[in-house]
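Take a look at the structure set out below.
Quick caveat: nothing in here was measured; it's all calculated off a predicted structure. Heavy atoms only: backbone and side chains are in, while hydrogens, waters and symmetry mates are out. Residues: numbered from 1 along the sequence shown.
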Amino acid sequence: LSDTTGILIISFFVNAVEGPSLMFYPRRHKAQAGEQLTFSIHAEEVENLMAAEIHLEFDNTAISVNAVIQGSFFINGQESIFSYDIGDGTISVLTSVVNSDAPSVGGTGVLAEIQVTLLGSSDATISFSGNEIFRDPDNNDFSINERVNGLITVE
């Protein structure tokens with residue numbers, strides 16, 4: 001018989017979302033009716049990102065939007081703009097770097113935070129519409145490989 005008492009360690013890395021992408025973090029909240037939650041919207045594995053246009057859809061009978069707040073990705077030591085519009089079951093966000101010394105960012109970071117309240121006793125989602133846009137410093141669109149929506153499940 002061979003000796004099986006040795007310990008084998010295997011290191012690995014899981015990259016479930018291939019960038020550049022947009023994703024909610026956390027991907028899922030567990031909540032009860034009336035509970036306020038915060039989702040962060042992350043730009044994942046981007047290069048030369050100057051601006052992002054984000055379009056979200058949700059059931060306004062299931063979720064109430066309390067606030068939309070600028071994330072840290074474009075404001076860490078840079079000049080930036082941030083605007084949003086909350087419609088009937090929609091949220092549109094435009095955020096951009098406006099600093100000519102550092103006209104873009106790279107990596108992974110938070111573009112916006114969305115604070116919501118779960119209104120009812122059923123699960124709810126906040127989804128990207130599919131019309132989101134990433135732009136580089138030359139104002140050219142570049143592709144978003146994946147969009148990962150947010151989910152609220154009732155406890």
Side-chain angles (χ1 to χ4, degrees), residues 12-76 78-99 103-155:
F12 63 93
F13 176 76
V14 175
N15 186 4
V17 178
E18 184 80 25
S21 60
L22 274 168
M23 63 184 291
F24 276 83
Y25 183 82
R27 293 180 187 186
R28 180 179 69 159
H29 275 291
K30 291 182 182 179
Q32 296 178 356
E35 189 172 343
Q36 182 173 308
L37 312 161
T38 300
F39 283 102
S40 297
I41 299 176
H42 289 230
E44 178 92 6
E45 299 175 356
V46 294
E47 294 181 24
N48 294 319
L49 180 64
M50 178 204 65
E53 189 176 320
I54 302 165
H55 301 281
L56 306 173
E57 299 172 341
F58 62 95
D59 178 353
N60 62 357
T61 64
I63 298 170
S64 171
V65 177
N66 305 324
V68 179
I69 302 163
Q70 183 173 13
S72 60
F73 206 26
F74 287 154
I75 60 174
N76 286 336
Q78 302 179 74
E79 294 178 52
S80 62
I81 59 170
F82 182 81
S83 66
Y84 66 90
D85 180 59
I86 301 172
D88 189 23
T90 64
I91 304 170
S92 296
V93 175
L94 175 63
T95 184
S96 179
V97 174
V98 293
N99 187 343
S104 66
V105 297
T108 297
V110 178
L111 294 172
E113 292 184 354
I114 311 294
Q115 294 177 350
V116 301
T117 299
L118 181 63
L119 298 176
S121 57
S122 21
D123 295 352
T125 60
I126 304 177
S127 305
F128 294 106
S129 73
N131 296 318
E132 294 73 31
I133 298 170
F134 283 164
R135 290 196 175 96
D136 68 16
D138 295 323
N139 208 29
N140 296 313
D141 297 355
F142 63 93
S143 66
I144 300 171
N145 290 339
E146 197 169 349
R147 292 165 178 85
V148 179
N149 297 324
L151 173 65
I152 302 170
T153 56
V154 175
E155 292 186 293

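Panel note: side chain Asp59, backbone Thr61; a donor-acceptor pair is recorded below 3.5 Å. With hydrogens and angles ignored, the 3.5 Å screen pairs a side-chain donor or acceptor of Ser96 with a backbone N or O of Met50. Ser129 contributes a side-chain N or O that, together with a main-chain N or O of Asn131, makes up a donor-acceptor pair within less than 3.5 Å. For Thr108 (side chain) and Glu45 (main-chain N/O), a donor-acceptor pair under 3.5 Å exists by modelled atom type. A donor-acceptor distance shorter than 3.5 angstrom exists from the side chain of Glu132 to the backbone of Gly130, with no hydrogens or angles considered. In this structure, His42 contributes its side chain and Phe24 its backbone to no donor-acceptor pair below 3.5 Å. Formation of a donor-acceptor pair under 3.5 Å by the Asn99 side chain with backbone atoms of Pro103 is not found in this model.
Separating the CZ atom in Phe134 from the CD atom in Glu47 is a distance of 12.5 Å, to the nearest 0.5 Å. Note that CD1 of Ile54 and CD1 of Ile41 are 5.0 Å apart. Values are rounded to the nearest 0.5 Å. Ile144 contributes atom CD1, which lies 4.5 Å from atom CG of Leu22 (distance to the nearest 0.5 angstrom). How far OG1 of Thr153 is from CZ of Arg28: 4.5 Å, rounded to the nearest 0.5 Å.
What you find for Ala43 and Phe73 is that their closest heavy atoms are CB-CE2, 4.0 Å. The heavy-atom pair separating Ser80 from Ile75 by the smallest distance is OG-CG2, 3.1 Å.
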Give the table of side-chain donor-acceptor pairs shorter than 3.5 Å for residues 118-128, with sequence neighbours excluded, one pair per line with atom names and distance.
| unit_1 | atom_1 | unit_2 | atom_2 | d |
| --- | --- | --- | --- | --- |
| Asp123 | OD1 | Val154 | N | 2.9 |

Which pairs of donor and acceptor atoms, one on a side chain in residues 82-93, lie under 3.5 Å apart (sequence neighbours left out)?
| unit_1 | atom_1 | unit_2 | atom_2 | d |
| --- | --- | --- | --- | --- |
| Asp88 | OD1 | Asn60 | ND2 | 2.2 |
| Ser92 | OG | His55 | ND1 | 3.3 |

| request: Might you work through the side-chain contact (heavy atoms from CB on, under 4.5 Å) test for Ile69 and Gln115, ending with a clear yes or no? | output: CA-CA 8 Å; Ile69 302 163; Gln115 294 177 350; 3.5 Å; yes

| request: Applying side-chain contact (heavy atoms from CB on, under 4.5 Å), run through Glu113 and Gln70 and close with a yes or a no. | output: CA-CA 6 Å; Glu113 292 184 354; Gln70 183 173 13; over 6 Å; no

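Counting only heavy atoms from C-beta outward, the side chains of Ser104 and Leu49 never approach each other to under 4.5 Å.
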